[in-house]
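Everything below concerns the one structure shown next.
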Amino acid sequence: MTPPRDLLRAMFDAAILAAQPARCLPPHLPAPPKGRTLVIGAGKASAAMAKAVEDNWPGPLSGIVVTRYGYAVPCQRIEIVEAAHPIPDAAGLTAAKRILERVSALTPDDLVIALISGGGSSLLALPAPGLTLDDKQNVNRALLKSGATISEMNCVRRHLSAVKGGRLAAACHPAHVVTLLMSDVPRDQPMDIASGPTVDDPTTCEAALDVLRRYAIDVPDNVRRVLESGEGETVKAGDPRLARAEVRMIATPQRSLEAAATIADDAGVAPQILGDAIEGEARDVGKVMAGIALHVAAHGEPFAPNCVLISGGETTVTVRGDGRGGRNVEFLLSLAIALDGEPGIYAIAGDTDGVDGMEEIAGAMVAPDTLARAWAQGIRPKDSLANNDGHGFFEALGDSVVTGPTLTNVNDFRAILVTLDPTAR
């Protein structure tokens, strides 16, 4: 049998590889137009997507995309701008302004290829009229700490933006707009990928206010005014400015889970995909997944060992401590505590973009001896979890998973291996 750690890492790498733009983007390119071709975009994968467009486009083109610092890919005809994520900065604001300028004065003969991937919500940061970048930054920080789901966070972001919620596509009118999307959100909802700059939005300002009330997020008066007045309303279905806008989904979490499943199957381990849209508090999901894995080990149901439980989605973390954490390591630490050293069970979890939380660490691994090694170093696992210190915990054990910039983003990857051989190493 392939060593558990090697198998799990190979599965994670396969999930990332399946979502590489060079592999998944070219089949979705539209036909060249009569007029100009302009490429715009935002997201952690947008630079790699731009390179894939350049390498496969038969005619002239130009453009500008914005990606995360460290995620740039050299391009010849498309300008690559770097900005901050997950808290927006001035570089992202300037990039958004420049993109809007580039799409002005387009004609019906022109084509806009919009390259949108996860992270674009922070990278394409242009506040609605009456708001400042500081307002956007403060609201974003509060949302990230609140425990709100990605859908809830993006609902607020859309209604405080001058470019999201369909506004970017509306600005491209009357050109033909083809959006190539890489999904990093549960259920692959286009409006939630980078807060939907090129698609219509069914949510409302009142829905955004509900999110702020639900999580007791205090916002400045000018932010509340934009929402309460309806000035922040987004572009809705049926708007004539979106009549020539279409969306093509080029990569999804499910496809990456399937690629990882193939690796397990080839290794003689039965892959079981539990879902690509699992949400909830990371530590709660960890407990539930541990319960399933323990039942598999003890009773051989609903699956028999050797098997690997694969899942994706985006959990949340309500931050109460001051540790170094992210949703994947929070999930894993909770999982390890619940497994309590059960022999034969191993796990990996990581963000396919290579960044879990604010750290340049994708995630980590868990083994049957994880807790014992922590205690031997004087680390109390439950204290680390209470302090949201997943990165500190796994880094001390040498179990962090570091990929560097992956140049893609299809959400989180989780795999729990339940082996027949408790002595497997």
Side-chain angles (χ1 to χ4, degrees), residues 84-88 119 121-122 137-154 156-157 211-219 278-291 311 313-341 347-351 353-367 369-402 411-414 416:
H85 178 277
I87 305 299
S121 196
S122 297
Q137 290 172 329
N138 289 335
V139 171
N140 220 34
R141 289 190 185 97
L143 286 168
L144 289 168
K145 292 181 179 180
S146 70
T149 67
I150 187 63
S151 180
E152 290 170 327
M153 286 192 281
N154 284 344
V156 176
R157 291 165 173 165
V211 173
L212 297 178
R213 287 190 286 262
R214 189 175 305 136
Y215 294 96
I217 296 173
D218 189 28
V219 295
I278 293 174
E279 299 179 273
E281 277 287 324
R283 62 180 62 191
D284 294 337
V285 176
K287 290 179 185 177
V288 171
M289 291 293 188
S311 65
E314 185 164 337
T315 60
T316 53
V317 175
T318 302
V319 179
R320 298 183 177 91
D322 59 3
R324 298 165 46 234
R327 58 184 183 261
N328 288 287
V329 288
E330 180 109 345
F331 161 83
L332 284 170
L333 184 48
S334 176
L335 177 85
I337 292 169
L339 289 175
D340 196 25
I348 190 172
D351 196 320
D353 68 4
V355 179
D356 189 29
M358 301 286 286
E359 299 275 338
E360 302 294 321
I361 300 171
M365 289 194 186
V366 161
D369 63 352
T370 293
L371 298 188
R373 287 186 289 124
W375 290 324
Q377 292 191 38
I379 301 171
R380 298 162 64 96
K382 290 183 179 179
D383 288 351
S384 294
L385 182 60
N387 196 36
N388 303 117
D389 193 32
H391 281 310
F393 179 89
F394 289 107
E395 201 169 54
L397 300 182
D399 287 339
S400 298
V401 172
V402 180
N411 223 323
D412 296 337
F413 175 84
R414 297 179 290 269
I416 303 171

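Atoms considered below: every heavy atom in the structure, side chains included; atoms not considered: hydrogens, waters and symmetry mates. Residue indices begin at 1 and follow the sequence shown.
- Using a 4.5 Å cut-off on side-chain heavy atoms (C-beta onward), Glu360 and Val355 make contact.
- Taken from OG in Ser151 to CD in Glu279, the straight-line distance is 7.5 Å, to the nearest 0.5 Å.
- Note that CZ of Arg414 is 5.5 Å distant from CD1 of Ile278, once rounded to the nearest 0.5 Å.
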One pair to check against side-chain contact (heavy atoms from CB on, under 4.5 Å): Leu333 and Phe394. What are the steps and the verdict? CA-CA 8 Å; Leu333 184 48; Phe394 289 107; 4.1 Å; yes
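- Sorted by first and then second residue, the salt bridge (Lys or Arg N to Asp or Glu O under 4.0 Å) pairs with a member in residues 280-290 read Arg283-Glu330; sequence neighbours excluded.
- With hydrogens and angles ignored, the 3.5 Å screen pairs a side-chain donor or acceptor of Thr370 with a backbone N or O of Ala367.
- Listed here is the closest heavy atom pair of Ser121 and Arg157: OG-CD, 3.2 Å.
- Taking all atoms of both residues into account, the shortest heavy-atom contact from Ser146 to Ile217 is CB-CD1, 4.0 Å.
- Distance CG/Asp399 to CG/Leu332: 9.5 Å, rounded to 0.5 Å.
- Distance check: Ile150 CD1 to Leu144 CG gives 8.0 Å after rounding to the nearest 0.5 Å.
- Residue Thr318 comes nearest to Gly147 through the heavy atom pair OG1-CA, 3.5 Å, listed as atom of the first residue, atom of the second, then distance.
- Asp383 meets the salt bridge (Lys or Arg N to Asp or Glu O under 4.0 Å) test with Arg380; sequence neighbours excluded.
- In this structure, Pro381 and Ala374 approach most closely via the heavy-atom pair CG-CB, 4.3 Å.
- Inter-residue side-chain proximity for Ile379 and Phe393 is flagged as met; some heavy-atom pair is nearer than 4.5 Å.
- Atoms CG and OG1, on Asn328 and Thr315 in that order, are 6.0 Å from each other to the nearest 0.5 Å.
- In terms of heavy atoms, Gly313 sits closest to Asn411 at O-OD1, 2.5 Å.
- The residue from Asp412, Asp356, Thr316 that alone fulfils the side-chain hydrogen bond (donor to acceptor under 3.5 Å, both in side chains) condition with Arg327 is Asp412.
- The side-chain contact (heavy atoms from CB on, under 4.5 Å) check on Gln137 picks up Ile87, Pro88, Leu133, Asp134, Arg141, with sequence neighbours excluded.
- Legend: residues meeting ring pair (Phe, Tyr, Trp, His ring centres under 6.0 Å) with Phe413, ordered by chain and number and at least two apart, are Phe12.
- Scanning for side-chain contact (heavy atoms from CB on, under 4.5 Å) contacts around Ala338 gives Ala290, with sequence neighbours left out.
- Atoms CD1 and CD1, from Ile416 and Ile348 in turn, are 12.0 Å apart once rounded to the nearest 0.5 Å.
- Arg320 and Asn388 share no side-chain donor-acceptor pair at under 3.5 Å.
- Closest non-hydrogen pair, Asp340 versus Trp375, comes out as OD1-CH2, 4.4 Å.
- At least one donor-acceptor pair under 3.5 Å links the side chain of Arg373 to the backbone N or O of Leu397.
- Take Arg214 and apply the salt bridge (Lys or Arg N to Asp or Glu O under 4.0 Å) test, not counting sequence neighbours, and it matches Glu152.
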